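The structure appears right after this line, and notes come after that.
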Amino acid sequence: MPTQKRHNLRLCLFFIFNLAAFSFSGGISAANVVSTQVNRCVEGGKTKNMKTIAAIATPAGEGALGVIRISGENAISIADNVFFAFSGKKLCDLKGYTAAYGEIKDGDLRLDDAVALVFRAPHSFTGENTVELSVHGGSLMLRQVLRLILSKGAVLAEAGEFTKRAFLNGKTDLTKAESIMGLISAANDAQLRLSREAHNGRTGKKIAEIESSLTALNASVSVYSDYPDEDIEDLSIENFSVSLSSAKKALEEMLRDYDAGKILREGIATAIVGKPNVGKSTLMNMLSGTQRSIVTEIAGTTRDIIEESVTVGDIMLRLADTAGIHETDDTVESIGVEKAKEKILASQLILAVFDASKPLDNDDLSLLKIINPENSIIIINKTDIESSIDPALFKGFETVRTSAKNGDGYAALETAIAKISGTANLRPEAAVLMNERQRDCAKRALDGVEEALNALNLGCTVDAVGVCIDDALAALLELTGKRVTNEVTDEIFRRFCVGK
Ligand code: GDP
């Protein structure tokens with residue numbers, strides 16, 4: 001093929017690959033990374049001049065298999081220096097997505113059997129040439145093989161460097177990249193679901209929709225500003241206001257969903273409060289399904305201090321301060337209303353427990369005065385015995401009846417917790433922001449949109465409106481990483497683990 005023609009083809013591929021990269025939702029797609037290993041390479045990748053990196057990709061400890069990942073221009077040739085296929089074929093002669101079975105050798109010393117998986121740029125997670133070597137999963141074994149690979153010219157990957165390269169090569173936007181940590185660290189189904197949805201591109205797609213409507217609006221505003229006297233269809237202050245209002249609504253929804261999503265991801269700081277002997281320890285045992293705290297007939301004899309978290313439905317209750325449950329002093333008043341208030345203030349969710357078998361006394365009433373219906377659930381416990389409590393006293397509060405001793409009322413409590421923490425309102429189709437950085441960007445975008453609306457309402461020039469829309473757009477571009485500083489990207493990926 002003549003050089004010029006090949007050059008044009010490469011340029012063409014470069015644009016097609018970049019386009020594809022924007023609509024791609026993870027895994028293997030296009031990028032623009034040069035490779036000296038094959039002629040099928042695409043020039044111009046952002047990581048083109050970066051060193052080839054390697055790291056152990058599987059967790060520390062013993063396992064049937066351990067994986068070492070090598071990525072970069074020289075990944076395949078470096079792997080060819082340590083891996084020898086039983087077929088006699090070199091990895092550099094293999095196509096992408098091909099596996100070879102062989103052995104890892106340091107000179108004449110055979111370290112292990114191995115399977116090598118070859119990915120050709122740009123069709124890999126990072127967009128670079130990549131080899132994954134699977135060996136037996138012992139820590140020492142993996143370290144020896146990694147050391148050998150590093151001695152052949154690779155450098156040890158920094159935390160998050162594989163994902164950072166995927167981002168730099170246009171394989172993923174920041175919302176997807178950041179969701180990877182959530183996928184890895186998810187501790188319950190809800191956390192996994194939210195991370196999976198962000199990783200599948202839902203958050204990025206929603207942001208892109210808002211971004212493109214604001215971009216179109218900005219263009220309209222410019223035209224309106226340049227030709228104020230023309231009567232152009234759709235270009236009116238009213239229409240601008242409608243578009244801004246709908247962007248405002250979408251951003252507000254995302255910010256609202258963030259709070260519920262955060263509770264699903266991180267749990268909720270919870271206090272179980274109530275006077276001694278109402279059944280707080282028994283309730284904790286019911287929630288956690290264990291008998292870790294000492295439950296006794298004699299009020300106030302529970303001594304051990306437990307710190308634990310329990311998952312109720314989708315929500316992890318972080319019972320950070322359970323010491324109060326076991327106060328040896330008998331009453332809310334004697335431990336001090338101030339102290340109880342402190343505990344209540346430090347928590348996002350209060351489970352206030354009352355004994356159904358006894359009328360409310362002064363201690364119960366003191367507690368009722370310092371809790372707030374917005375974040376408290378009244379638990380009327382011991383419903384298995386005759387009730388002497390007047391439920392009317394709990395008017396305005398979310399109330400659940402339990403028999404912690406018999407394990408009754410769990411489902412009702414689960415529903416009440418989801419309701420009061422807002423997670424029950426999280427729409428199944430919600431695009432949830434994954435962290436404070438994303439939330440901060442969305443908040444700045446909302447501020448820009450609100451300022452633009454204010455400017456319109458105050459009769460400011462459309463130029464002024466355009467400036468506010470620009471601010472909103474800049475915040476959205478930062479959110480997805482389309483326009484982001486090196487410092488921000490470095491900070492994001494530093495939070496990842498090595499090998500990811
Ligand atoms: P705490 O001081 O509030 O932590 O109360 P405990 O959990 O130690 O319970 C005090 C006593 O009440 C124990 O004898 C429990 O067995 C009993 N208790 C707790 N929950 C129930 C319940 O739902 N029904 C009945 N009948 N007894 C309960």
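Owing to the predicted nature of the structure, the values given are computational and were not obtained by experimental measurement. When a ligand or atom number is given, it counts from 1 through the structure's own listing order.
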Inset, instruction - Kindly state each residue pair satisfying ring pair (Phe, Tyr, Trp, His ring centres under 6.0 Å) with at least one member in residues 346-390, sequence neighbours excluded. - result: F354-F394
Inset, instruction - Report, in ascending order of atom number, the atoms of ligand 1 lying under 4.0 Å from any heavy atom of P276. - result: 2 (O)
Legend entry - Identified side chain to side chain contact (heavy atoms under 4.5 Å, CB included) partner of V353 from the options D364, V278, I377: V278
Inset, instruction - Would you list the pairs meeting salt bridge (Lys or Arg N to Asp or Glu O under 4.0 Å) in which at least one residue belongs to residues 199-218, sequence neighbours left out? - result: E197-R202, K206-E209, E211-K482
Legend entry - Mode of V278 contact toward ligand 1 - side chain, backbone, both, neither (heavy atoms, under 4.0 Å): both
Inset, instruction - Would you mind running through ligand 1 and noting each atom that sits below 4.0 Å from a heavy atom of S403? - result: 23 (O)
Inset, instruction - Would you check the N or O atoms of I385, main chain and side chain alike, for any that come under 3.5 Å of an N or O of ligand 1? - result: no
Inset, instruction - Return the orientation label for the Y97 and H123 ring planes: parallel under 30°, perpendicular over 60°, tilted otherwise. - result: tilted
Inset, instruction - Using heavy-atom distances, let me know which of K405, K275, M286 sits nearest atom 25 (C) of ligand 1. - result: K405
Inset, instruction - Consider every N or O of S281 and every N or O of ligand 1, then say whether any pair is closer than 3.5 Å. - result: yes
Inset, instruction - Might you confirm whether atom CG of D189 has over 12 heavy atoms from other residues, nucleotides or ligands at distances under 6.0 Å? - result: no
Inset, instruction - Return a yes/no value for N381: is any of its N or O atoms, backbone included, closer than 3.5 angstrom to an N or O of ligand 1? - result: yes
Legend entry - Distance filter under 4.0 Å to T282 heavy atoms, resulting ligand 1 atoms: 6 (P), 7 (O), 9 (O), 15 (C), 19 (C), 20 (N)
Legend entry - Check: R69 side chain, I56 main-chain N or O, donor-acceptor pair, under 3.5 Å: no
Legend entry - Contact (N/O only, under 3.5 Å) between T383 and ligand 1: no
Inset, instruction - Might you confirm whether atom CD of E436 has over 12 heavy atoms from other residues, nucleotides or ligands at distances under 6.0 Å? - result: yes
Inset, instruction - Say whether G274 and ligand 1 are in contact under the criterion: heavy-atom distance to a ligand atom below 4.0 Å. - result: no
